[in-house]
There are 2 protein chains.
Amino acid sequence: MPVTLRDVARQAKVSVRTVSNVVAGYTHVSERTRRRVQEAIAELDYRPNPVARTLRTGRTGVLALVVPEIDVPYFAELAREVIEAAAEVGYHVMIDQTGHDHERERRLLTGADRTMLFDGVLFSPLVTPEELGQMEPGGTIPLVLLGEHDFDGRYDHVAIDNVRAAYDATAHLAARGRRRIAAIGTQPAEDYSTPRQRTVGWERALRDAGQEPDPALVRTAAHYSRADGYTAAADLLRLPEPPDAIFCYSDLLAMGAMRAVRDAGRGVPDDVAVIGIDNIDEGRYANPSLSTVSLDTPFIAREAIARITARIAEPDAPAVEVTAPHEVVVRESTGG
Amino acid sequence: MPVTLRDVARQAKVSVRTVSNVVAGYTHVSERTRRRVQEAIAELDYRPNPVARTLRTGRTGVLALVVPEIDVPYFAELAREVIEAAAEVGYHVMIDQTGHDHERERRLLTGADRTMLFDGVLFSPLVTPEELGQMEPGGTIPLVLLGEHDFDGRYDHVAIDNVRAAYDATAHLAARGRRRIAAIGTQPAEDYSTPRQRTVGWERALRDAGQEPDPALVRTAAHYSRADGYTAAADLLRLPEPPDAIFCYSDLLAMGAMRAVRDAGRGVPDDVAVIGIDNIDEGRYANPSLSTVSLDTPFIAREAIARITARIAEPDAPAVEVTAPHEVVVRESTGG
DNA sequence: TTGTATGCGTTATCAA
DNA sequence: TTGATAACGCATACAA
């Protein structure tokens, strides 16, 4: 038996219209009326029904954050920041996991599932921008992309300079005198753009350092997990000429890789240097501590919320792209 | 201009009632009518508006998962499982972080913020059950508690046997011959029950092993973070008679503690054995790998969803308490 | 089996 | 400044 506007109106002997005005903080209400209404609200413990409000206004106050897996530390840390930043501007956040499922990603994006359930979507995609472009994101729900870069400018976009980040990580290894620098994190299928860009950065840095990228030193990783990093690194170490350094496309891969190096009876960084990307807290406390490229998650979260609120306010404004800063964080795993 | 039931009805030349029946999968619809309606739906790309449906039915299809911090690996892993289990029964999950803020915890629980926004709440509380009892959880929103144990039976409850888990961890250290077993994870204020219970388990295990719990070997940790574990362990190691083993109330604390041991120039497990609770993936790959108590997150998630759906279906059924199984996982940090 | 009409609780339009 | 009332889109009681 919820208390409604009507109940409050009856109690305060005014119309629902007036109560609504008071609740909304509307200015044109006489002081006396306002007080009477507020007393009635308090007395009845009235709480506005957000669902009814949404039906009427078309706004839910909820944003969706779509990530592959919430328990990947990078995404968890990002989610935390996003939820906090959203709360500051009055939004709640619903988290959806795509779980590496293209079809699910498509459904979430087109909103086939949940029309009108959220006011905007923050989308950290696995698929290529091209594929995304074919998806015809649902109707016109405000959308901000996170993490991808080489996009055609149709959507708002908080980007990471993946090529540059990978370049910097690899260059750091080369500067430390490493000569056989492996890469872990390409994808089995060539349809993800983040790993492709990171591979480009790796290649460029090597060439700029006068080294030729060796395809035998590249390993795929389907899920950017510790387990995949372990497997890939273990494989690399069985080579006749094993690498003396490994650039991992994520810190999680790097954690697995470091473990594999130890299990192979070699040392990090003496035998094999390791560096990742993401700067997750785990790496700071690892043994040895993990060198990495820090991606400024707070910036990404803040900017994502700024973009989506702007987009919601002005659906037809031109798309904006911002790039999050990054920096190499040197720790023990590269002899730091 | 969204497509509504009425539009579909007009297109299919039937009433809205019939369209609604078809959408709901209602059986008493003639095959011919159904086909006509379905064609109209496809043609117009009709999508039911969940908000309107909610206003009408009073159900949102959304559950809230309330945790202290989503980027604590244990909660992230739990969230992942909860989201998946919820999806299987048609629920979406909204995550709220209380961030160690009692007031915020209270507000979320009483639903002062968001009446009617979700059908149920899965609540992993920091506060004591007693305090929770005084909170008068909002109206009668279905509520399932996660992780607490010594409750008065008013709420559904997926419990962890904290005393037993702590006992088992400590007993394992004692069985390995450790004689000065420290504990990290008590709280500055005595108002959280999980740490209190774990302290009880630690004490009991020591006494059963013929050792006297030494208060000088107990350290508080405000946030169960790596940083707090580090600080506490570093402090313990400066004692004139430092511990030869540390039981941490969470794996995250343990990760910090292990780092502190190394930074103090000592070794894990030779000088100091370390064990945690949670069995987060991070511990498996750590160096040394972390012994821990595994809490069966999938069980907790599955059971939480089962409890909340049952509660939603039958609000007045007696409260149910189930206890999640746990087991000690022995790895390198306690001598393998 | 299907159509008509009402109401969920709110905001917004139009008058007064 | 405030009141009466029509939507928002759906589900369902009641009729047919």
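Residue numbers start from 1 in every chain, and the chains themselves are labelled A, B, ... in the order their sequence lines are given, proteins ahead of strands.
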Intermediate values then yes/no, side chain to side chain contact (heavy atoms under 4.5 Å, CB included), A:Thr4 and A:Asn49: CA-CA 8 Å; A:Thr4 74; A:Asn49 180 333; over 6 Å; no
Stepwise side chain to side chain contact (heavy atoms under 4.5 Å, CB included) check, A:Asp119 with A:Tyr91: CA-CA 9 Å; A:Asp119 298 336; A:Tyr91 275 104; 3.4 Å; yes
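Closest to the side chain of B:Val29, from the set C:dT2, D:dC10, C:dT10, is C:dT2. Checking C:dT10, D:dC14, C:dT13 against the side-chain heavy atoms of A:Ala52 singles out C:dT10 as nearest. For A:Thr18, the listed nucleotide lying nearest its side chain is D:dG3; candidates were D:dG3, D:dC10, D:dC14. Closest to the side chain of B:Val16, from the set C:dA5, C:dT10, C:dT2, is C:dA5. Nearest to the side-chain atoms of B:Val14 among the listed nucleotides C:dT10, C:dG3, D:dG9 stands C:dG3. The A:Thr33 side chain lies nearest to D:dT2 when the options are D:dT2, C:dT10, D:dG9. For A:Ser30, taking side-chain heavy atoms from C-beta onward, the closest of the listed nucleotides D:dC10, C:dG9, D:dT1 is D:dT1.
Axis angle across the helix from C:dT1-D:dA16 to C:dA16-D:dT1, with five pairs used at each end and values rounded to 10°: 40°.
For A:Arg17, the side chain to side chain contact (heavy atoms under 4.5 Å, CB included) partners at least two apart in sequence or on another chain are A:Ser15, A:Asn21, A:Tyr26.
For the atom pair NE2 (A:His92) and CG (B:Asp96), the distance works out to 6.0 Å, reported to the nearest 0.5 Å. Here the OG1-NZ distance, from B:Thr18 to B:Lys13, works out to 14.5 Å after rounding to the nearest 0.5 Å.
Rounded to whole Å, the distance from CD on A:Glu31 to C1' on D:dT1 is 13 Å. Here the P atom of nucleotide C:dG3 and the CZ atom of B:Arg6 are 14 Å apart, to the nearest Å. Taking atom CG on A:Asn21 and atom P on D:dA4, their separation rounds to 14 Å, with Å as the unit. Separating the CZ atom of A:Arg53 from the P atom of D:dG9 is a distance of 18 Å, rounded to the nearest angstrom. Between the CG atom of B:Leu5 and the C1' atom of D:dA11 there is a distance of 9 Å, given to the nearest Å. Straight-line distance from the CG atom of B:Asn49 to the C1' atom of D:dC8: 8 Å, rounded to whole Å. Between the CZ atom of B:Arg10 and the P atom of D:dG9 there is a distance of 12 Å, given to the nearest Å. Here the P atom of nucleotide D:dC8 and the CG atom of A:Leu117 are 19 Å apart, to the nearest Å.
Contact between A:Ile308 and A:Leu143 at its shortest, heavy atoms only, is CD1-N, 4.0 Å. Smallest separation of non-hydrogen atoms from B:Arg36 and B:Ala12: NE-O, 2.9 Å.
Side chain A:Arg56 to base C:dA12: no donor-acceptor pair is found below 3.5 Å. For A:Arg17 against C:dT13, a side-chain-to-base donor-acceptor contact under 3.5 Å is present.
Base contact: B:Ser20 has a heavy atom under 4.0 Å from a base atom.
Under the salt bridge (Lys or Arg N to Asp or Glu O under 4.0 Å) criterion, the residue pairs touching residues 66-80 of chain A are A:Glu69-B:Arg80, A:Asp71-B:Arg80, A:Arg80-A:Glu84, A:Arg80-B:Glu69, A:Arg80-B:Asp71, with sequence neighbours excluded.
Judged by closest nucleotide on DNA chain C, B:Lys13 is the one of B:Leu55 and B:Lys13 placed further toward the 5' end.
Dashed line: the shortest gap from a side-chain N or O of B:Ser15 to OP1 or OP2 of C:dG3 is under 4.0 Å.
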